[in-house]
Amino acid sequence: MGTGGESASARPKGNGRVAVVGVGSTGLCMLKALREDGYSVTAYERRDKVGGIWAYTDNTSYTTVLPATRANLSKFTCGFSDYPMPDKYPTYMQAHHYQEYMEDFAKHFDLLKDIIFGTSVKQARRNSDDTAWLLDIEKDDGTGETVEYDKIVFCSGYQTKASIPTFEGQDKFEGTILHSQAYRNADPFKDKKVVVIGLSSTSGDIIPDLMPVASKVYVSHRRGALPFKRYHKGTPQDLGITWRRRQLSHIATRYFPRASKWLADTATNFLVNRTWNLDPTWRLTPVPSITLVLPGSFELVMPLLQDGSLTSLHGITRFVGPKAIEFADGTVVDDVDAVILCTGYGADWNPVAPFIESSATVPNKPDYKGPPLYRLYMNLFPPKYADSCVLLNYSAFGKNNGFSFASVTAWAVSNVLRGAEPVPSREEMEAHIDRHHEWVADRWAQDKTTDTSAVRQWEFQRFLHTVAGTGMAENLGWGWKGWLFWLRDRKLSGLMNDGVETAHAFSFFETGKRPTWEGARDEILRVNDMVKGMFPAKKVDWPPEVESKVFKSR
């Protein structure tokens, strides 16, 4: 299969015990890869099922998608490398579809036996002689214990800690102030006047949910936002992103950062204005740079703005009474019953991993006043413990498509932990971190809301592909191996370069560094044939309750 290389069966095996924290898509792939590479692995999950945020829960202290949440990426570009996405799912899957898919994946590979559910890792620390990891764990019944492992991988997600702003005078407010993390359904807001703060994927779920039951809904935002559409002329937007286009984008970003940013920003604002009939009073443009702020999806909010049932407001200035709020343009809204904060999340691993060092200042960037920057090589490995600890929740902008990149990440991490792939010396890692933090500081200077856990995509993804041994960079493109692959299998070469960016490509080439999957070629061909026959679609598969509003806005 693919190109030749050392047999995967000849790869050196790991030994010892590894703890994996969290079993969303990343944790499941991590558990599978480590187990296949010889480790004894135990995964801890505080929920009662696999799936991470896609596993809906009524526990309001956990971040969760809502039952009606739909993915921003189509099922064709979002899945596991060696486990095909079933045809029964709609193009844009809902929460229960993803949870079911991950549950089936876990059962298929017999992963559930190594997962301890209903258990939280409260803290990870080193033992007295600094030779192993001690994990303080707590079960749902309140009991706890300390367990010892040789290595630990944090897969607890990017969206675990609610970002909650405070406002002048909010102690005067007698209504409800609720972060979206605690929102589950619209029932508590029946016949209420509600202000939703923020335009994002989260508010894109909550606002349409509120509209049928609340007496009035407002959306408050301080600046523009990208009303991303899942479909473009009947075809999923993400199908336009191919391996070749991604690599060209990485080249442009690496060597011509200013020009590529200007081009991306100009094109984004042009397309937004061309796609939507925007009212200037909504202040959706200019859109924040997509190179600095990841866009959300709130296209179902747009018809509500267009028909006037939803009112756009400026950002909140202060609370001026028990039920009155003043906004930045001087508008005061009275009789407000509730404020829902769709103000984002962060990774909540700092209390769990106090050994991670941070930088409050940045070399050569004395004007940086942003949040502390954590010292992780490639935003993954703490230099002191790079051979035994990894954090997979501090790398914004780093993923490929959804959780399709989880397999690549897991193979790379396993190869490093078992010594099959070397990492630089500690001094070299520290120097790399300093340079990276200077890059982050430059981004923060351009937009104070940018995620400071960002990675340079071209560097981060190439690193993981290389260390994982996917063979993608060598065998696709214009190098001699790329031309050789084209001569040997022109159809597949064309589809892997310019067709659907499916995760099955990651399991195709034989390099000896990670397992291949014998079904990869057939599945790549099948997915591309399916997409070719389905799109452009005359009618997209929105749920009936939103379909009329979606098509009204087209």
Side-chain angles (χ1 to χ4, degrees), residues 54 65-79 85-98 101 199-209 211 224-243 245-246 249 264 267-278 282 284-285 287 290 294-307 310 399-404 495 498-503 527-554:
W54 289 102
V65 296
L66 301 178
T69 299
R70 286 214 160 196
N72 294 338
L73 297 170
S74 74
K75 68 175 181 179
F76 308 107
T77 63
C78 193
M85 189 72 73
D87 293 344
K88 66 180 181 179
Y89 294 136
T91 298
Y92 287 97
M93 293 160 61
Q94 292 180 261
H96 65 283
H97 299 136
Y98 275 114
Y101 173 66
L199 269 175
S200 62
S201 294
T202 303
S203 53
D205 286 338
I206 290 177
I207 290 172
D209 197 42
M211 294 298 292
L226 174 61
F228 168 79
K229 269 191 172 183
R230 292 175 174 86
Y231 286 96
H232 176 66
K233 296 182 178 179
T235 299
Q237 292 269 20
D238 58 317
L239 295 184
I241 302 173
T242 65
W243 171 265
R245 289 177 179 175
R246 188 180 294 277
S249 172
T268 299
N269 282 279
F270 171 78
L271 290 173
V272 167
N273 283 288
R274 184 177 179 180
T275 302
W276 300 96
N277 182 22
L278 298 181
W282 301 338
L284 295 182
T285 55
V287 172
I290 61 172
L294 288 170
S297 178
F298 55 93
E299 65 179 317
L300 299 186
V301 169
M302 297 303 292
L304 305 173
L305 288 170
Q306 290 170 336
D307 66 18
L310 175 69
K399 289 186 177 181
N400 189 337
N401 287 336
F403 56 71
S404 66
L495 292 177
D498 302 307
V500 180
E501 199 176 24
T502 166
V527 170
N528 277 275
D529 285 343
M530 183 187 305
V531 164
K532 185 177 180 180
M534 290 179 63
F535 305 109
K538 293 181 180 179
K539 186 177 182 181
V540 298
D541 57 348
W542 287 109
E545 64 271 22
V546 300
E547 187 177 72
S548 61
K549 288 187 177 293
V550 173
F551 281 100
K552 180 179 178 181
S553 68
R554 292 185 182 276

Looking only at atom types and distance, does a side-chain atom of T268 sit under 3.5 Å from a main-chain N or O of A264, one as donor and one as acceptor? yes
So CG of L239 and NZ of K532: to nearest 0.5 Å the spacing works out to 14.0 Å
Quick check: closest heavy atoms across L199 and S203, and the distance to 0.1 Å? CA-OG, 3.3 Å
Residue list, side chain to side chain contact (heavy atoms under 4.5 Å, CB included) with I241, at least two apart or on another chain: R246, E501
Go through Y101 and F403 one step at a time and tell me if the side-chain contact (heavy atoms from CB on, under 4.5 Å) criterion holds. CA-CA 12 Å; Y101 173 66; F403 56 71; 3.8 Å; yes
State whether the side chain of K229 and the backbone N or O of Q237 hold a donor-acceptor pair below 3.5 Å, judged by distance alone. no
Using 30° and 60° as the class boundaries, would you call the ring planes of Y89 and H97 parallel, tilted or perpendicular? tilted
What distance separates I207 CD1 from L304 CG, expressed to the nearest 0.5 Å? 7.5 Å
What one should report as the nearest heavy-atom pair of V272 and P227 is CG1-CD, 4.0 Å
Could you go step by step and tell me if D205 and T69 meet the side-chain hydrogen bond (donor to acceptor under 3.5 Å, both in side chains) rule? CA-CA 6 Å; D205 286 338; T69 299; 2.9 Å; yes
Is any side-chain heavy atom of T235 less than 4.5 Å from a side-chain heavy atom of P536? yes
Going through the checks in order, is the side-chain contact (heavy atoms from CB on, under 4.5 Å) test met by V527 and L495? CA-CA 10 Å; V527 170; L495 292 177; over 6 Å; no
Output the distance between atom CD1 (I290) and atom CG (N269), rounded to the nearest 0.5 Å. 9.5 Å
Is there a side-chain contact (heavy atoms from CB on, under 4.5 Å) between M302 and L278? Walk through the geometry before answering. CA-CA 9 Å; M302 297 303 292; L278 298 181; 3.7 Å; yes
Inter-residue atom distance K75.NZ - T502.OG1, 0.5 Å rounding: 12.0 Å
Between R230 and S297, the two heavy atoms sitting closest are NH1-OG, 3.2 Å
Should the ring pair Y92 and Y231 be called parallel, tilted or perpendicular, given that the plane angle runs from 0 to 90° and is split at 30 and 60? perpendicular
Measure from the side-chain N and O atoms of T242 to the backbone N and O of G499, and report whether any donor-acceptor pair falls under 3.5 Å. no
If you compare all heavy atoms of M93 against all heavy atoms of P90, which two are closest, and at what distance to 0.1 Å? CG-O, 3.5 Å
When rounded to the nearest 0.5 angstrom, what is the spacing between CZ in F228 and CG in L294? 12.0 Å
Would you compute the distance between atom CD1 of I206 and atom OG of S200 and round it to the nearest 0.5 angstrom? 8.0 Å
Can you give me the closest heavy-atom contact between L73 and Y98, atom names plus distance? O-OH, 3.9 Å
Using the test side chain to side chain contact (heavy atoms under 4.5 Å, CB included), find all partners of M534 that sit at least two apart in sequence or belong to another chain. F76, T91, M530
How close do L226 and F298 get, counting heavy atoms only, and between which atoms? O-CE2, 3.1 Å
